[in-house]
Amino acid sequence: MASGTSRDVLGRGLWVLGRAIREQPRIFAVAVSGSVLFGLLVIASAYVVGAVVGDVVVPAVERGEVAGGALALAATALFGISVLRVVGIFGRRLGAGYMQYRLQAAYRRRVTRRYLDLPLAWHHRNSTGTLLSNANSDVEAAWYPIAPLPFAVGTLVMLVGAVASLFFTDWALALVGLAVFPALFALNVVYSRRMAPRQARAQRLRAEVSGIAHESFDGALVVKTMGREAQETARFASRAGDLRDALISVGRLRGVFDPMLETLPSLGTLAVLVVGAIRLRQGAISVTELVSVAFLFTVLAFPVRAIGWVLAELPRSVAGWDRVRRVLDSTGEMPYGTTTLDPATREPATLAFDDVHFAYEPAEAHLPGAQVLGAVTFTVPAGKTVALVGPTGAGKSTIASLAVRLVDPGAGRVTLDGVDVRELTAASLAGTVALVAQVPFVFDDTVRANIALDREGVGDDEVWAALRLAEADGFVAALPDGLDTMVGERGTSLSGGQRQRLTLARALAGRPRLLVLDDATSAVDPRVEAAILAGLRAPADGGAPASILVVAYRRATIALADEVIYVEQGRVVARGTHTELLTTVPGYADLVTAYEQAEQEREQNRTYDEVTPLPSGLEVDR
């Protein structure tokens, strides 16, 4: 793989640069125009300097006096060329920088948009660290050569002009140029081929280091409570060491080639002086021409390096582009339809599962997928509450995900008001149904921003109404700044129950016609949970109640449902009221009893902790 990359890195890298030019042709034209202007003026300045030395300085030395008019004319010419060179440099740098940052911003948006289009199954196969690297360092790497690219293109024009002027001046000096310039290009090609596998490995390790760091930070609670700090530090240090070694390998190769690339132009200047001195003695050239050519080789040394900069960054660019393209070319997105449900109606929606089958995609394409659901059929009637009950792994969360179309069924249909959810527009689906997940996610923002989410028509009145319905208005009003209180990353300043009620209020603020609760109140006190569910069934503001599909465990929650769907191993095995299933389905009765006993034990332990005094001298921060 590495050798293959080294062989075709130049062609692939040039293709990436060509794509950049096609996407930003006008900005590139401005940058290249400035670079070409600069390059042509470099050639002009060499011949002006030669003329000043040969026609002004040497005669002045021979006569012992300086001609004021000639000196003023030479100074004016040099000043004018310098001003125009500044204009060229400004245009080149401004255009190149604007082009590079514009491309990086555009592709960060494309990658992020692609993340949102791809299904959850794709995200499950890719670590968060890798996704962060794709959107950040990989995008930067892909377009890193854009900064020196206009300079390099201008330099190529300058080299063509320089060789032409050398032939116009003297064929022997032109041969020196023809020997030096191709040697520089060949050396850069060899350099880029050797650099390709090193840059690819370094880019991959950057993603791995980012992934381990993110995983350690995200799992800080587990790491600390399980005493795994040393092991996680060692794991991160190992990968960071690999990245260090990869970058040292890149630096070592640069250390070998950079002096060679710097030396070649200097050797060219030395060769010009030697050959030029011989040709001057032969009378083939003048002092003016010799000085011009020698100065030209001297000033060409820096611009020629621009070609080397581009070629040196091509391996990193190709590595970054390959990783970005892997995201952009990924398939499996779930396109939305064109059907809309009546946005004016606020009546509860009807949810129906019709012979639904579902299997999660395997981690590897050649492996079979794990069947999760089979022939699931049930209905949540408009305005009713249906509880979904079953043992761990029965498929309850998968059913919840299908209801809000986070995933699509492999067979069968999921419908809202008789319309297949796959046929609905994104706006219609989002305006009809809302999911409150098991694990509440809170943004590092204010309470108001977390609930409103900048949605049209969700002002403070709607926010407070949603908070009251979620039994969260009391603790929010008690916060230091009320709705303007910053809740911290992932809501770290709130308790688990408060975070759950906040995310519930977020869903309710949009007034969904169907509410899907995936064990969304597990951290809430049972009495508060009962009040929330009662409020959802009969809103205090007199509005129409939403249809509710709730993944439930507590007996009190299940008892509030109009119907209970009992699932085992991905299939609906029983349905009816809570009382009916208790007497007719032993598995259901055992499961609910086990949940109730576990809940009672937690309550007793919590009560014991609250009333039992601590030994003298010990305090607990409650």
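The first residue of the sequence shown is numbered 1, and numbering continues consecutively from there. Note that the coordinates shown come from a computational prediction; the quantities given were computed from them, not determined experimentally.
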So that I can tick it off, tell me whether E347 and R513 are bridged by a salt bridge, with the cut-off set at under 4.0 angstrom between side-chain N and carboxylate O. no
From the list L402, V407, L406, side-chain contact (heavy atoms from CB on, under 4.5 Å) with V404 holds only for L406
Using every non-hydrogen atom in the two residues, find where A507 and V436 come nearest and quote the distance to one decimal. CB-CG2, 3.6 Å
Quick check: does any side chain N or O of R506 sit under 3.5 Å from a backbone N or O of N450, one acting as donor and the other as acceptor? yes
Under the side chain to side chain contact (heavy atoms under 4.5 Å, CB included) criterion, do L351 and T415 qualify, and how do the steps go? CA-CA 6 Å; L351 171 71; T415 63; over 6 Å; no
For the pair E471 (side chain) and D473 (backbone), establish whether a donor and an acceptor sit closer than 3.5 Å, ignoring hydrogens and angles. no
Those residues that, when tested against E23, pass side-chain hydrogen bond (donor to acceptor under 3.5 Å, both in side chains) (two or more places apart): R19, Y107, R110
Could you list the residues that satisfy salt bridge (charged side-chain N to carboxylate O under 4.0 Å, His left out) with R239, not counting sequence neighbours? E208, D242
Is any side-chain heavy atom of Y553 less than 4.5 Å from a side-chain heavy atom of V389? no
Please report the shortest heavy-atom distance between T577 and D562, naming the atom on each side. CG2-O, 4.1 Å
Side-chain heavy-atom pair V487, D444 within 4.5 angstrom cut-off: no
Using 0.5 Å steps for rounding, measure from the OG1 atom of T340 to the CG atom of L429. 12.0 Å
I want to check something: taking the side chain as every heavy atom from C-beta on, are V573 and Y566 in contact at a cut-off of under 4.5 Å? yes
Pairwise distance CG(L502) to OG(S495) - rounded to 0.5 angstrom: 10.5 Å
Steps toward salt bridge (charged side-chain N to carboxylate O under 4.0 Å, His left out) verdict (E563, R575): CA-CA 7 Å; E563 184 180 27; R575 59 198 310 160; 3.3 Å; yes
Does E580 offer a backbone N or O that forms a donor-acceptor pair with the side chain of T583 under 3.5 Å? yes
Looking at every non-hydrogen atom in both residues, tell me the closest pair between A466 and A505 and how far apart they are. CB-O, 3.3 Å
Do side-chain atoms of D138 reach the backbone of V324 as a donor and acceptor pair under 3.5 angstrom? no
With a 4.5 Å heavy-atom cut-off, do F378 and V380 have their side chains touching? yes
For the backbone of S397 and the side chain of S401, can you confirm whether one donor and one acceptor N or O come within less than 3.5 Å of each other? yes
Under the salt bridge (charged side-chain N to carboxylate O under 4.0 Å, His left out) test, which residues partner D355, sequence neighbours left out? none
Can you check side chain to side chain contact (heavy atoms under 4.5 Å, CB included) on F443 and L453, steps first, answer last? CA-CA 10 Å; F443 294 96; L453 294 181; 4.0 Å; yes
In sequence, state the C-alpha distance, the side-chain angles, and the governing distance for V356 and V414, and then conclude on side chain to side chain contact (heavy atoms under 4.5 Å, CB included). CA-CA 7 Å; V356 171; V414 179; 3.9 Å; yes
Do R422 and P409 come within less than 4.5 Å of each other through their side chains, counting heavy atoms only? yes
Taking C-beta and beyond as the side chain, do L416 and T350 meet within less than 4.5 Å on heavy atoms? no
G383 backbone acceptor or donor facing S547 side chain under 3.5 Å: yes
Going by an N to O cut-off under 4.0 Å, is there a salt bridge joining D518 and K396? no
Can E140 and R108 be counted as an ion pair, charged N to O under 4.0 angstrom? yes
Verdict with reasoning, L424 to T338, per side chain to side chain contact (heavy atoms under 4.5 Å, CB included): CA-CA 6 Å; L424 294 174; T338 57; over 6 Å; no
For the pair R455 (side chain) and I451 (backbone), establish whether a donor and an acceptor sit closer than 3.5 Å, ignoring hydrogens and angles. yes
What is the minimum heavy-atom distance between V463 and A452, and which atoms define it? CG2-CB, 4.3 Å
Does any part of the side chain of R109, heavy atoms only, come nearer than 4.5 Å to the side chain of T112, both counted from C-beta? no
Can you tell me how far the CH2 atom of W15 sits from the CH2 atom of W321, to the nearest 0.5 Å? 5.0 Å
If you look at every heavy atom in D417 and A349, which pair is closest and at what distance? OD1-CA, 3.5 Å
To the nearest 0.5 Å, atom CG of L582 lies from atom OG1 of T593 at 7.0 Å
Between H357 and A375 (side chain of the first, backbone of the second, donor and acceptor by atom type, cut-off under 3.5 Å), is there such a pair? yes
Side chain S428, main chain T425, donor-acceptor under 3.5 Å: no
Compare every heavy atom of L581 with every heavy atom of A574, then report the nearest pair and how far apart it is. CB-CD2, 3.9 Å
Check the pair R405 / D408 against salt bridge (charged side-chain N to carboxylate O under 4.0 Å, His left out), numbers first and verdict last. CA-CA 6 Å; R405 209 194 166 207; D408 280 337; 2.8 Å; yes
Quick check for you: to the nearest 0.5 Å, what is the distance between T446 atom OG1 and D481 atom CG? 10.0 Å
Side chain R325, main chain D322, donor-acceptor under 3.5 Å: no
Please report the interatomic distance CG(L467) to CG(L508), rounded to the nearest 0.5 Å. 9.5 Å
With heavy-atom distances below 4.5 Å as the criterion, would you say the side chains of P512 and V433 are in contact? no
